[in-house]
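One structure is given here, and the rest of the page talks about it.
This is a predicted model, so every value here is computed, not measured. Read the numbers this way: they start at 1 and go in the same order the structure lists the ligands and their atoms.
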Amino acid sequence: MIDFKALADKYKTPLYVYDFDYMSAQYNELKEAFRARKSIVAYAIKANSNLSVVKHFAKLGAGADCVSIGEVRRALLAGIPPYKIIFSGVGKRDDEIAEAIQSDILYINVESEAELGRVELIAKELGKTSRISVRVNPNIDPKTHPYISTGLHDNKFGVDLDTAKRMYIKAKNSESLDPVGIHFHIGSQLTELQPIYEAAEIVADLVRSLEAIDIELKFFDIGGGLGITYKDEETIKPYDYAQAILGTLKGLDLTVLCEPGRFLTANAGYFLTKVLYEKQNGEKKFVVVDGAMNDLLRPSLYKAYHKIEALTNSNEEEREVDIVGPVCESGDFFAKDYPLPPLEHNDLLVIHSAGAYGFTMASNYNTRGRSAEVAVENNKDRLIRKREEFEDLIALEKEFLED
Ligand code: LLP
């Protein structure tokens, strides 16, 4: 059990706390599920890119799925070997492509014909061969929130099957390109197995038709997206997930690569915030806290549910309240009509499932410094990111002040 009160006293609030042992358990369960094949669990750094978190996964043997050269640098710095790093994303700058090739990562995941052209040109200029995979958009409805659904043709991601085939033929015939993988990712927070299975079948068939024309791939990259329980969602069990995927690969000698983010970190993370005061506007009761949408954006952006626990001595009856932050936006809330007991100044709220897309989506809106981050491992806590102070926020502007 993590002593949230002690951590809030020691490190102050707002604060992110991560249970590293939980992250290890999630990683090991997923890795184990794929043990019938060679596999790489490439942690999707975008979920939580704190260097100590990435290092933790590096030590467990994970790879990294990156969507910017900044993330590639983080992965390398944290000790992920280049041969386990992939670089995805629908738009990559020339300098990012060049650096990825120079860094000798496992492959660049290409998302359009135009991009394949750029990668070829840049590799040629560098006198190198770039390993690539193609992101296929299998046109499958993943049945998740539209903002995090990516596998339909009206989403910007990937290419259709015919285009993918053309791209593989081009890559095979190019001296500067080496097609090694195939990739799909149909969405995030997936709680149904069927759409993933259907997508995998479609993509595995494409692999077979490529083999028929002598294009032999090595990596079958199934993306990320495994959902977690925020409230009461039934989720996909890693074992069932792996079995479904492996079932589509009969007769193919491929290493499975998966890119989980949320599954590994979301329920390892807690966001701690203190009550400033309560207020009443007409019928409506608000609890105003010291954390805000700039710290944890998911409720504001997606109306996402996060369980909120009040650590208070009050044993009075719960009422329905809106839990809001100090930012000057009506959208600045963590929950609406949420049952909590009467709260006092400095009572602590623990917001659950905050380990993925929490800190990484934080901003400095309203000149608010981002929270500190703390790791808990083997019952010991340690700071893994300092709280941002005012001086940090103005550091890149100050020199331009004129008298
Ligand atoms: N691979 C690719 C190509 C992705 O686009 C993503 C997530 C992942 C892997 C990792 O997905 P995960 O396993 O974490 O579901 N900010 C949103 C989530 C955006 C996900 C973007 N792509 C949220 O807070 O729910």
Side-chain angles (χ1 to χ4, degrees), residues 23 26-27 29-30 40-49 53-54 57 62-68 71-72 75 85-92 106-111 133-138 142-152 155-159 181-192 195-196 199 203 219-231 233 235-236 238 241 256-269 271 293 295-306 334 351-363:
M23 290 183 192
Q26 293 293 96
Y27 174 86
E29 185 181 0
L30 193 57
I40 298 178
V41 175
Y43 169 51
I45 287 193
K46 62 174 88 68
N48 186 328
S49 54
V53 170
V54 183
F57 287 116
D65 166 44
C66 305
V67 287
S68 69
E71 287 191 349
V72 173
I85 296 178
I86 62 165
F87 181 22
S88 301
V90 79
K92 306 177 187 77
L106 183 58
Y107 54 79
I108 296 179
N109 193 21
V110 177
E111 299 218 17
S133 74
V134 174
R135 176 164 181 175
V136 178
N137 182 330
K143 306 201 170 67
T144 184
H145 192 293
Y147 279 19
I148 47 179
S149 150
T150 49
L152 282 166
N155 299 127
K156 66 179 175 178
F157 300 97
V159 298
I182 193 157
H183 171 269
F184 66 94
H185 169 86
I186 58 172
S188 200
Q189 182 53 14
L190 306 177
T191 50
E192 286 184 35
I196 308 177
V203 179
F219 299 96
F220 191 74
D221 180 346
I222 60 175
L226 265 189
I228 59 126
T229 302
Y230 283 97
K231 189 177 189 183
E233 302 90 327
T235 55
I236 303 165
Y241 177 58
V256 175
L257 196 142
C258 61
E259 308 168 349
R262 190 186 321 261
F263 175 82
L264 296 179
T265 60
N267 277 335
F271 180 66
M293 67 187 287
D295 299 301
L296 176 63
L297 186 60
R298 303 192 74 257
S300 305
L301 191 59
Y302 311 119
K303 297 198 172 66
Y305 174 92
H306 284 258
F334 291 125
I351 305 189
H352 288 239
S353 313
Y357 309 108
F359 188 90
T360 47
M361 290 172 72
S363 76

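Ligand-side atoms of ligand 1 in range of Pro260: 13 (O), range being under 4.0 angstrom from any heavy atom. Against a heavy-atom cut-off of under 4.0 Å, Gly225 is close to the following atoms of ligand 1: 11 (O), 12 (P), 13 (O), 15 (O). Set against the non-hydrogen atoms of Gly224, the atoms of ligand 1 under 4.0 Å away are 1 (N), 9 (C), 13 (O). Interface of Glu259 with ligand 1, defined as ligand atoms under 4.0 Å from a residue heavy atom, comprises 1 (N), 2 (C), 3 (C), 8 (C), 9 (C), 10 (C), 13 (O).
Taking 4.0 Å as the cut-off between side-chain N and carboxylate O, Arg135 and Asp221 do not count as a salt-bridged pair.
Ligand 1 lies out of reach of Ala356, whose nearest heavy atom is not under 4.0 Å from it.
Taking all heavy atoms of Cys258, Gly261, Ser188 into account, the minimum distance to atom 15 (O) of ligand 1 is reached by Ser188. Here atom 23 (C) of ligand 1 lies nearest to Tyr302 when heavy atoms of Phe157, Tyr302, Tyr43 are compared. The residue from Arg135, Arg298, Met361 that puts a heavy atom closest to atom 24 (O) of ligand 1 is Arg298.
When atom types are taken as modelled, the side chain of Tyr107 and the backbone of Val134 share no donor-acceptor pair closer than 3.5 angstrom. Distance alone, capped at 3.5 Å, places no donor-acceptor pair between the Lys303 side chain and the Ser300 backbone. In this structure, Thr265 contributes its side chain and Gly355 its backbone to a donor-acceptor pair below 3.5 Å. Checked by atom type and distance alone, the side chain of Glu259 never pairs as donor or acceptor with a backbone atom of Ala44 at under 3.5 Å.
Using a 4.0 Å cut-off between heavy atoms, His185 contacts ligand 1 through its side chain alone, with no backbone atom that close.
Counting only N and O atoms by type, the side chains of Asn48 and Thr360 include no donor and acceptor under 3.5 Å apart.
At a threshold of 4.5 Å between non-hydrogen side-chain atoms, the residues Ile196 and Ile236 count as touching.
Any N or O atom pair closer than 3.5 Å counts here, and Asp65 shares at least one such pair with ligand 1.
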